[in-house]
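These numbers come from a predicted model, not from an experiment.
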Amino acid sequence: SGVEDVLKAALNDDTFALILPKIKTDKTKERQRLVLLKVITNHPSDEVDALIKEYAGNSKFPLLQMFAISVLGDKKDAGAFDTIISALDSTLWEVRLSAIEALGKLGTDKAIQPLISAMKKENGRLRADFQKALKQLTGEDHGLNGDEWEQWFINKNNPNKPAQQI
C-alpha cells in the first residue's frame, strides 16, 4: 500500500526504533501491527527475526501469523519448520494455507509426510494447495487424493514392504 511504501522508504535505525515498540504493544490493533511488521521485515535485526518467529506461532493474531509464516517460507528458514508444521492444525483455513505454501517453499523432504497427513484431513479447496506444495517438494503429482500420495510415500520409502497407513 502507499503508506507501507512511504514508511519503507523512510526506514532507518531511528524510525525502526520508533516502529518496533508499536508492533509489540497491545494498544496497537492487529491490522496496524501487520502494516508496521511488513515495513520492518527486511530490516537486518535479530529483533525482527525473533518477532517474525513469535508471530508465526501465535494464533491470537491470525493476520500476523499468516504473514510471519509466509515470510519464514520465503526466507527458507528451516529453523521454523516445527512452528510452520504446527500451523497445519489451525482452525483457520487461511493459516493452514500459509503453512502449506511455506512448507512448499522450504524445500525439505521432512515436510512431505506432514503435508500428506494434513491433506488427508482436508475436504475443500486446500487439497489443491497441498498438491502444489507436494509437487514442488517431490516432482511427483498424485492428484488431490491424500491416500494416493500416502501410497506413493510408503512405496518410495519402503519399496519391498507391503503398504500400510502413515
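- Listed by first and then second residue, the salt bridge (Lys or Arg N to Asp or Glu O under 4.0 Å) pairs involving residues 90-104 are R96-E122 (not counting sequence neighbours).
- Across every non-hydrogen atom of P21 and A17, the tightest pair is CD-O, 3.1 Å.
- Closest non-hydrogen pair, L137 versus A111, comes out as CD1-CB, 3.8 Å.
- Hydrophobic clustering places F67 together with W93 (ILVMFWY residues linked when any side-chain heavy atoms are closer than 4.5 Å, directly or through intermediates).
- For the pair L88 and F130, the minimum side-chain heavy-atom distance is below 4.5 Å.
- The two residues D77 and G79 come nearest to each other via the heavy atoms OD1-N, 2.9 Å.
- For the pair I19/H43, no side-chain contact is recorded, criterion being any heavy-atom separation below 4.5 Å from C-beta on.
- Remark: the backbone N or O of S98 is not paired with any side-chain donor or acceptor of S70 at under 3.5 angstrom.
- Annotation: the span from D89 atom CG to S117 atom OG amounts to 10.0 Å, rounded to 0.5 Å.
- Between T108 and K76 there is no side-chain heavy-atom pair separated by less than 4.5 Å.
- Contact annotation: the side chain of L63 approaches that of R31 to within less than 4.5 Å [non-hydrogen atoms, C-beta and beyond].
- One distance of note links CD of E30 with CG of L64; it measures 4.5 Å at 0.5 Å rounding.
- A donor-acceptor contact shorter than 3.5 Å links the side chain of W149 to the backbone of G143.
- Note on residues 128-146: pairs passing salt bridge (Lys or Arg N to Asp or Glu O under 4.0 Å), not counting sequence neighbours, are R125-D129, K135-D141.
- Here the closest non-hydrogen pair linking G104 and A133 is CA-CB, 4.0 Å.
- Formation of a donor-acceptor pair under 3.5 Å by the Q32 side chain with backbone atoms of K29 is found in this model.
- In this structure, the separation between CG on L103 and CG on L115 is 5.0 Å, given to the nearest 0.5 Å.
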Point to revise | F16 vs V48, side-chain contact (heavy atoms from CB on, under 4.5 Å): CA-CA, chis, key distance, verdict | key: CA-CA 10 Å; F16 175 76; V48 172; 3.4 Å; yes

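- More than 12 heavy atoms of other residues, nucleotides or ligands shown are found within 6.0 angstrom of CG on N12.
- R33 has a carboxylate O that lies under 4.0 Å from a charged side-chain N of D26, or vice versa, which qualifies the two as a salt bridge.
- What you find for A80 and L72 is that their closest heavy atoms are CB-CD1, 3.5 Å.
- Looking at heavy atoms from C-beta onward, V39 lies out of side-chain contact with T15 at the 4.5 angstrom threshold.
- Between the NZ atom of K22 and the NZ atom of K24 there is a distance of 14.0 Å, given to the nearest 0.5 Å.
- Taking CD1 of I52 as the start and CD of E54 as the end, the distance is 10.5 Å to the nearest 0.5 Å.
- N145 and M119 get closest at one heavy-atom pair: N-CE, 4.2 Å.
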Review point. Can you check side-chain contact (heavy atoms from CB on, under 4.5 Å) on V95 and I69, steps first, answer last?
Key: CA-CA 8 Å; V95 173; I69 290 169; 4.2 Å; yes

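- Sparse packing is recorded around CG of N42, with 12 or fewer heavy atoms of other residues, nucleotides or ligands lying under 6.0 Å away.
- Ring planes of Y55 and F61: perpendicular class, angle over 60° (limits at 30 and 60°).
- To the nearest 0.5 Å, atoms OG1 (T25) and CG (L20) are separated by 11.5 Å.
- Residues in residues 59-75 take part in these salt bridge (Lys or Arg N to Asp or Glu O under 4.0 Å) pairs, two or more places apart or across chains: D49-K75, D74-K105.
- Checking side-chain atoms of S90 against main-chain N and O of A87 turns up no donor-acceptor pair under 3.5 Å.
- Hydrophobic cluster membership is shared by L92 and I85, with clusters built from Ile, Leu, Val, Met, Phe, Trp and Tyr side chains linked at under 4.5 angstrom.
- Using modelled atom types, one finds no donor on one side chain facing an acceptor on the other under 3.5 Å when comparing Q151 with D147.
- A distance-only check finds a donor-acceptor pair linking the side chain of T138 to the backbone of L134 [under 3.5 Å].
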